[in-house]
Amino acid sequence: MDFDFKAVLENFQAESEEGFQQLEESLLALEKAPGDREQVQRIFRVVHTIKGNASSLGMPLLSTHAHEVETILAPLRDGTLAMTPELCSAFLKVIDDFKKELTAAIAESRKALADLEESPAPQSCQLFSGQEMENGTLGPAETTQPAPAQPQSQETLRVKLEKLDRMMDLAGEIAVLQSNLQRILQGLGEAGRESLEVHYELARLFGALQENLLQARMVSVQPLFQQFHRVVRDLASAGGKEACLVIEGGEVEVDTAIAGHLKDALLHMIRNAVDHGLEAPEVRAGNGKTPQGTITLRARHEAGTIHIEVSDDGAGLNREKITARARSKGLISPSQKLIDDEIFALVFAPGFSTADALTGVSGRGVGMDIVRRNIDALHGNIHIESRSGLGSTFHVRLPLTLTIMEGITVSTAGESYIVPLENVVECIQMPKESLHSSEGGVLSVRGEPLPYLRLRDVFHTPDASPPQRENVLIVSYGGGKAGIAVDELLGKGQAVIKPLGKIFARTTGLAGSTILGNGRVALILDVPALVREAHARRHNRPVANG
């Protein structure tokens with residue numbers, strides 16, 4: 001029988017997970033508006049759909065569980081029961097158990113499928129408990145016949161991300177060949193003029209195709225943001241606080257790979273905002289605030305990047321407490337004076353926490369460290385703004401995609417590197433007195449100290465003849481700046497990002513690789529790591545004028 005049960009299972013799981021998200025959203029909406037009949041109907045539509053699909057796929061336990069959920073929720077539909085916060089918590093627990101049942105049912109079906117594939121003569125119809133083949137078609141054993149299948153909509157199509165990744169890899173390879181072809185045709189002079197014109201038109205069409213491939217990878221951040229309504233509610237309830245989540249800019253789109261990796265970082269920032277940021281209701285009331293605090297998730301496009309903010313209207317970060325804890329942990333010296341950006345950056349240090357006691361939500365000092373590492377892995381940056389008594393905002397800036405980036409190609413000791421354009425502030429010439437100093441140090445740029453390092457020393461590149469002049473790219477990350485000294489600037493352009501092999505896993509300062517138009521491989525710099533390295537050396541180098 002030509003039937004791909006694996007694909008059916010995957011589709012069922014994906015649709016059910018979307019359904020569970022809708023259930024949570026509707027229950028939380030009902031908690032705020034108990035008389036909203038549309039939300040009640042939406043809940044029953046989702047549960048009934050899961051029940052029908054489970055029955056058709058031979059999952060009787062899951063189907064029975066879905067029926068029990070309908071029974072439990074029936075008083076809501078009948079109007080004999082009004083939603084309250086306590087009931088909402090109970091219903092959410094029912095949905096959590098329902099999710100576990102679904103996961104177990106799918107795992108059992110996958111195991112049965114694997115066992116059948118290993119048998120000498122697997123029969124696909126055996127997967128369907130309580131069903132049998134009738135006249136060459138698959139039908140339920142009961143006398144009741146299923147409703148006719150509705151024609152599937154062709155407006156959307158589920159495509160595995162690996163396929164899109166492969167298409168982008170091929171697009172990148174074509175781009176390299178195009179660049180080589182253009183160089184060859186330009187070298188032919190007048191003889192290649194006609195061919196060059198055709199090439200330019202092909203390049204235009206290929207650019208449009210590449211743009212559409214990128215768009216196919218883009219997803220709205222709204223579904224991701226919506227998941228945190230319940231997180232905020234549960235965290236606030238556990239901490240004896242009141243809080244709500246406000247979403248702005250949910251229609252903004254981002255690469256699906258970024259959306260998938262962003263969830264953990266957002267979760268930890270929201271946990272931090274609820275646990276450390278928001279005050280207890282009575283404290284807020286005493287300070288002239290509403291008892292209920294507000295967490296805001298905001299997204300917008302900004303200069304070719306996506307800017308995400310996680311804000312709270314709480315007490316703000318306690319600068320004195322952060323500084324005192326950092327001194328006690330030896331992160332800063334007793335006499336060291338820090339500006340706000342440097343103080344706030346301390347919360348991202350591994351093991352750092354200002355919590356006075358260990359709780360189920362915080363106190364171990366791992367959450368914000370995870371945030372920074374996740375943002376770094378996405379080639380983004382993060383910094384904090386905070387006002388005492390008014391709250392804090394975490395600003396996260398990320399590239400729109402992890403497959404293609406705008407960058408500046410530089411050269412050092414004959415090797416090529418790419419610096420992400422979004423991190424570049426400006427470029428200056430290295431002062432003569434610092435030209436042949438070793439490794440790096442601190443420059444004075446318009447009266448401000450700028451820590452810098454030399455790229456050839458970072459990667460220990462051998463160089464028999466030091467350059468007669470150097471350029472310094474001033475880059476920024478998380479509110480801080482640093483300089484990267486290079487031999488030459490070779491121009492800017494697009495680079496198709498390719499991952500590095502395991503051999504580079506322990507090499508600091510590299511974020512990926514790409515293939516240049518001349519066919520050579522260039523390494524993409526990890527700007528956040530280089531900025532931190534430069535600042536770590538800051539207090540051990542003399543200051544030179546620039």
Side-chain angles (χ1 to χ4, degrees), residues 303-305 341 375-376 379-383 397-399 404-461 463 466-495 497 500 507-514 516-517 520-538 541-546:
T305 64
D341 282 342
I375 298 302
D376 286 354
H379 313 310
N381 63 69
I382 181 171
H383 79 278
R397 287 181 173 82
L398 299 167
I404 292 181
M405 57 167 282
E406 292 285 340
I408 294 179
T409 306
V410 300
S411 174
T412 292
E415 298 293 334
S416 297
Y417 302 89
I418 304 289
V419 185
L421 189 61
E422 64 187 23
N423 296 120
V424 178
V425 178
E426 62 177 309
C427 179
I428 62 175
Q429 189 171 336
M430 176 70 75
K432 291 182 179 179
E433 57 269 30
S434 300
L435 190 58
H436 299 299
S437 63
S438 63
E439 293 192 17
V442 181
L443 295 172
S444 177
V445 179
R446 292 184 286 277
E448 296 291 330
L450 177 76
Y452 78 96
L453 41 77
R454 280 187 165 80
L455 212 53
R456 77 167 75 93
D457 296 312
V458 172
F459 300 121
H460 308 289
T461 308
D463 186 10
Q468 296 303 307
R469 56 172 291 176
E470 287 181 294
N471 295 288
V472 179
L473 280 174
I474 300 178
V475 295
S476 67
Y477 168 75
K481 293 182 180 179
I484 301 175
V486 301
D487 297 353
E488 293 183 84
L489 303 177
L490 303 179
K492 68 176 184 178
Q494 279 191 343
I497 303 172
L500 292 169
T507 304
T508 302
L510 297 178
S513 64
T514 189
L516 301 176
R520 296 190 61 184
V521 173
L523 298 173
I524 299 171
L525 298 183
D526 181 354
V527 169
L530 294 177
V531 170
R532 287 196 291 270
E533 172 67 16
H535 279 269
R537 302 179 181 184
R538 175 177 179 177
R541 303 288 182 231
V543 176
N545 293 320

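Numbers here simply count residues along the sequence, with the first being 1.
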Q: Start with the C-alpha gap between Y417 and V486, add the side-chain angles, then the distance that decides, and say whether side-chain contact (heavy atoms from CB on, under 4.5 Å) holds.
A: CA-CA 10 Å; Y417 302 89; V486 301; over 6 Å; no

Side chains of [X] and [Y]: closer than 4.5 Å at any heavy-atom pair?
{"X": "I524", "Y": "M405", "result": "yes"}
{"X": "K481", "Y": "L450", "result": "yes"}
{"X": "T409", "Y": "S411", "result": "no"}
{"X": "P399", "Y": "T305", "result": "no"}
{"X": "F459", "Y": "E415", "result": "no"}
{"X": "L489", "Y": "L473", "result": "yes"}
{"X": "N381", "Y": "V527", "result": "no"}

Out of curiosity, [X] [atom1] to [Y] [atom2], how far, rounded to the nearest 0.5 Å?
{"X": "L443", "Y": "I428", "atom1": "CG", "atom2": "CD1", "result": "6.0 Å"}
{"X": "N471", "Y": "Q429", "atom1": "CG", "atom2": "CD", "result": "6.5 Å"}
{"X": "L421", "Y": "I408", "atom1": "CG", "atom2": "CD1", "result": "5.0 Å"}
{"X": "E406", "Y": "I418", "atom1": "CD", "atom2": "CD1", "result": "10.5 Å"}
{"X": "L455", "Y": "L525", "atom1": "CG", "atom2": "CG", "result": "5.5 Å"}

Q. Can I484 and V410 be said to form a side-chain contact (heavy atoms from CB on, under 4.5 Å), step by step?
A. CA-CA 10 Å; I484 301 175; V410 300; over 6 Å; no

Grab the two heavy atoms, one from [X] and one from [Y], that are nearest each other, plus how far apart they are.
{"X": "S416", "Y": "L490", "result": "OG-CD1, 4.3 Å"}
{"X": "P528", "Y": "G380", "result": "CG-O, 4.0 Å"}
{"X": "V521", "Y": "S513", "result": "CG1-CB, 4.3 Å"}

Q: With side-chain contact (heavy atoms from CB on, under 4.5 Å) as the test, would you mind laying out the steps for V458 and L530 before giving the verdict?
A: CA-CA 9 Å; V458 172; L530 294 177; 4.0 Å; yes

Q | Test: R454 and E470 ion pair at under 4.0 Å | A | yes

